[in-house]
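The figures here come from the full heavy-atom set of this structure, side chains too, leaving out hydrogens, waters and symmetry mates. We name chains A, B, ... by the order of the sequence lines, and we start the count at 1 in each one.
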Amino acid sequence: MEKLAEEKNSNFIRNIIDNDLESGKHKYIVTRFPPEPNGYLHIGHAKSICLNFGIARDYQGKCHLRFDDTNPVKEDLEYVDSIMEDVRWLGWEWNDKLFFASDYFDKLYEYAEILIQEGKAFVCELSMDELREYRGTLTVPGKNSPYRNRSVEENLDLFRRMRDGEFPDGSKSLRAKIDMASPNLNMRDPVIYRIKKTEHHRTGDSWQIYPMYDYTHCVSDALEGITHSICTLEFEDHRPLYDWFLDQLPVPCHPRQIEFARLNLSYTVMSKRLLLALVKEGYVKGWDDPRMPTIAGMRRRGFTPEAIRDFADRIGVAKANSMVDFELLNFCVREDLNKKALRRMAVLNPLKLTISNYPEGSEELTAENNPEDSEAGNRSITFSRELYIEREDFSENPPKGWFRLAPGKEVRLKHAYYVTCTDVVKDDSGMITELICTYDPKSRGGWSDDGRKVKGTLHWVSAAHAIALEVRLYDHLFSIPDLNDMEEGKSYLDYLNPDSEIINTMALGESSLQEAQIGESFQFLRLGYFNADYDFTADKPVFNRISTLRDSWARQQNKSSSGA
RNA sequence: UGGGAUGUCGUCUAAUGGUAGGACAGCGGACUCUGGCUCCGUAUGUGAGGGUUCAAAUCCUUCCAUCCCAGCCA
């Protein structure tokens with residue numbers, strides 16, 4: 001049993017950790033999640049968060065939350081707050097292990113002076129353009145900077161004056177002295193400090209110079225005693241530099257950097273740049289638009305932390321670039337909500353149904369809240385002579401295999417009665433406006449013990465007792481699964497799905513829906529899972545569709561129509 | 001064309017020289033007061049070619065394909 005659980009989560013990183021534990025290299029494990037506070041977290045970050053915090057949990061280690069805040073021009077406190085909220089919401093706890101790379105600015109500076117003193121770093125005065133020229137290209141080696149051979153004293157003096165704000169932005173940089181001919185561009189004397197006279201959201205105006213990622217990250221890891229520094233594939237080329245810094249410096253330990261493939265999800269994008277553009281240009285309504293793959297957006301849509309964590313477990317971790325099918329996410333959220341969501345009835349496209357032999361007045365019927373959860377109890381629903389059913393649940397000329405309502409056909413109204421359609425009322429244009437039915441009083445509760453076969457069961461609401469709903473129907477953000485497959489000359493904007501959000505204001509729901517709480521999820525019977533939106537009020541109930549239910553009838557129809 | 005990586009069912013991912021397995025998607029069926037859920041069954045895969053071995057997804061070799069790298073971003 002235990003073995004199975006282990007195997008379920010097995011991946012190459014956990015194998016490395018197992019080996020390190022077995023060999024005695026480490027006694028306990030420390031990982032970290034290191035976001036830059038320059039944007040909102042998305043489902044791709046959730047993969048990394050679950051990986052790092054999940055390892056800490058399973059190995060009884062620790063996972064640090066560390067903000068990689070070394071570039072004050074891009075970063076903001078607003079993002080720090082949203083990131084902490086999202087990580088917590090996903091269900092993870094860092095306890096006292098909250099860090100900021102900016103906490104290490106003093107130490108980083110001290111180490112930089114050591115590099116200078118040992119002749120391993122120098123102050124360079126090449127402009128950005130010149131630096132690019134000197135760097136060479138992928139196939140031609142770079143050239144040494146003319147400032148590369150300054151004395152230690154001169155470098156130290158210049159570096160201190162950089163720190164003290166004597167020079168303008170961009171006029172000088174501190175560079176590591178490694179190898180301008182290296183085939184790895186990251187090793188061609190990389191910049192480790194740049195001048196930025198910008199206020200930092202935590203350190204204020206204490207610093208005029210800020211350390212670069214490559215230098216900061218490895219040192220921060222080492223200072224925190226990280227054992228396994230897990231990052232994405234594009235940093236693979238940076239690993240030699242990660243190791244180089246740690247080899248030069250008197251750091252307390254030397255963490256191992258391990259790279260894995262970031263998450264790609266079909267029909268959406270993970271790029272911070274594109275996501276930001278969608279928000280800024282107004283193609284979506286904000287970072288928490290329910291169509292966004294951001295944690296904030298998915299939370300608003302109604303995805304649960306449990307579903308997202310389950311998803312992260314199921315997609316696994318590997319080094320090969322991949323694209324995960326969005327359907328897996330739908331599967332995870334359905335599986336979670338099936339157990340937890342209370343069932344309610346709502347009609348999205350109402351068609352009036354009048355029961356000719358039902359008396360005036362109404363009656364209360366009992367409906368179970370969740371057949372998957374006996375603890376969920378029952379609720380009362382009101383039945384009367386005039387109802388609404390789903391327009392799609394009636395067909396005048398039903399296709400083969402049709403279980404639903406049709407002229408002369410009998411169906412069950414869920415939790416209520418059997419009804420038989422006797423007449424179809426149309427307007428002048430031929431549009432069906434009303435169905436006339438009779439009901440069988442003996443089938444009260446939706447059941448008869450005379451062995452009658454009633455295949456179809458429909459959801460319904462009572463016309464006089466239903467409440468008006470606004471229902472926001474969401475679908476994929478983009479119309480194609482992989483935006484790398486764009487046609488020549490087209491932009492990702494050309495592939496925005498025009499039907500990604502459909503606002504339905506004619507929907508009707510059973511009255512108990514009025515008492516829903518914001519953020520509460522329901523299964524609208526036969527329709528899908530819905531979540532009370534932030535805009536929800538008792539006067540104007542608003543629900544987001546999280547996902548539909550599986551619909552084998554629709555699939556069967558698609559099959560026969562496309563096969564014809 | 002330099003360097004770094006990666007190729008296993010449609011998709012994601014296990015298998016650390018010894019029966020290629022799981023999940024999602026698909027298909028078929030049972031059950032059902034949700035055409036939901038559940039249950040049962042089922043097809044499909046080691047990029048290609050050589051080699052080593054009793055035995056290769058795994059080791060060697062030659063190809064092929066894809067991804068990443070020329071920010072004072074992370």
Counting side-chain heavy atoms from C-beta on, which of [options] comes nearest to [X]?
| X | options | result |
| --- | --- | --- |
| A:Thr139 | B:rC73, B:rG2, B:rG4 | B:rG2 |
| A:Lys455 | B:rG35, B:rC72, B:rU32 | B:rU32 |
| A:Pro371 | B:rA14, B:rG36, B:rA74 | B:rG36 |
| A:Phe235 | B:rA74, B:rC12, B:rA70 | B:rA74 |
| A:Arg314 | B:rG35, B:rC73, B:rA23 | B:rA23 |
| A:Leu185 | B:rU34, B:rC72, B:rA70 | B:rA70 |
| A:Arg526 | B:rU34, B:rA74, B:rU13 | B:rU34 |
| A:Ser322 | B:rC12, B:rU34, B:rC73 | B:rC12 |

Enumerate the protein-to-nucleotides 5-7 of chain B contacts in which both atoms are nitrogen or oxygen and the separation is below 3.5 Å.
from  : atom 1 : to       : atom 2 : distance (Å)
B:rA5 : O2'    : A:Glu236 : OE1    : 3.3

Practice prompt. Look at the aromatic rings of A:His217 and A:Tyr213 and report parallel, tilted or perpendicular, splitting at 30° and 60°.
Written response: tilted

Fill in: Under-4.0 Å salt bridge between A:Arg66 and A:Glu224
yes

Worksheet entry | Under-4.0 Å salt bridge between A:Arg194 and A:Asp169 | no

Nearest-Å distance, [atom1] ([X]) to [atom2] ([N])?
| X | N | atom1 | atom2 | result |
| --- | --- | --- | --- | --- |
| A:Glu335 | B:rC39 | CD | C1' | 15 Å |
| A:Arg343 | B:rG36 | CZ | P | 13 Å |
| A:Glu234 | B:rG4 | CD | P | 18 Å |
| A:Leu328 | B:rG22 | CG | P | 17 Å |
| A:Phe403 | B:rG35 | CZ | C1' | 6 Å |
| A:Arg412 | B:rU32 | CZ | P | 11 Å |
| A:Arg334 | B:rG36 | CZ | P | 11 Å |
| A:Lys196 | B:rC72 | NZ | P | 10 Å |

Could you tell me whether [X] contacts a base, only the sugar-phosphate backbone, or nothing, with contacts defined as non-hydrogen atoms closer than 4.0 Å?
| X | result |
| --- | --- |
| A:Leu138 | base |
| A:Gly528 | nothing |
| A:Arg132 | sugar-phosphate |
| A:Ser552 | sugar-phosphate |
| A:Asp68 | sugar-phosphate |
| A:Val317 | sugar-phosphate |
| A:Thr216 | nothing |
| A:His415 | base |
| A:His238 | base |
| A:Leu329 | nothing |

Distance, [atom1] atom - from [M] to [N], rounded to whole angstrom:
| N | M | atom1 | value |
| --- | --- | --- | --- |
| B:rG35 | B:rG18 | C1' | 47 Å |
| B:rA20 | B:rC24 | P | 23 Å |
| B:rU16 | B:rA56 | C1' | 13 Å |

[X] and [Y]: aromatic ring centres closer than 6.0 Å?
| X | Y | result |
| --- | --- | --- |
| A:Tyr418 | A:Trp447 | no |
| A:Phe122 | A:Phe159 | no |
| A:Phe326 | A:His476 | yes |
| A:Phe524 | A:Phe543 | yes |
| A:Phe105 | A:Tyr210 | yes |
| A:Phe311 | A:Phe331 | no |

Both distances below 3.5 Å, Watson-Crick or wobble geometry, any strand: find the nucleotide opposite [N].
| N | answer |
| --- | --- |
| B:rC24 | B:rG10 |
| B:rA43 | none |
| B:rG36 | none |
| B:rG2 | B:rC69 |
| B:rA74 | none |
| B:rC54 | B:rG18 |

Taking donor-acceptor contacts at under 3.5 Å, does the side chain of [X] reach the base of [N]?
| X | N | result |
| --- | --- | --- |
| A:Asn11 | B:rU13 | no |
| A:Glu327 | B:rG10 | no |
| A:Asn184 | B:rG4 | no |
| A:Gln523 | B:rU34 | yes |

Using a cut-off of less than 4.0 Å, is there contact between a side-chain N or O of [X] and OP1 or OP2 of [N]?
| X | N | answer |
| --- | --- | --- |
| A:Arg550 | B:rG35 | no |
| A:Ser127 | B:rC72 | no |
| A:Arg135 | B:rC72 | yes |
| A:Asn15 | B:rA15 | yes |
| A:Arg194 | B:rA74 | yes |
| A:Arg555 | B:rC27 | yes |

Worksheet entry | Heavy atoms of other groups near A:Lys197 NZ, more than 12 under 6.0 Å | yes

Worksheet item: Would one find more than 12 heavy atoms of other residues, nucleotides or ligands at under 6.0 Å from atom CD of A:Glu22?
Response: no

Worksheet item: Is B:rG71 in the syn range, within 90° of 0, or in the anti range?
Response: syn

Fill in: Whichever of A:Lys414 and A:Cys124 has its nearest RNA chain B nucleotide further upstream toward 5'
A:Lys414

Worksheet entry | Pairwise 5' ranking along RNA chain B for A:Gly170 and A:Asn370, keeping only the more 5' one | A:Asn370

Worksheet item: Ring of A:Tyr213 versus six-membered ring of B:rA74: centres under 5.5 Å and planes under 30°?
Response: no

Practice prompt. Give the minimum heavy-atom separation between A:Ile209 and A:Met162, together with the two atoms involved.
Written response: CG2-O, 3.5 Å

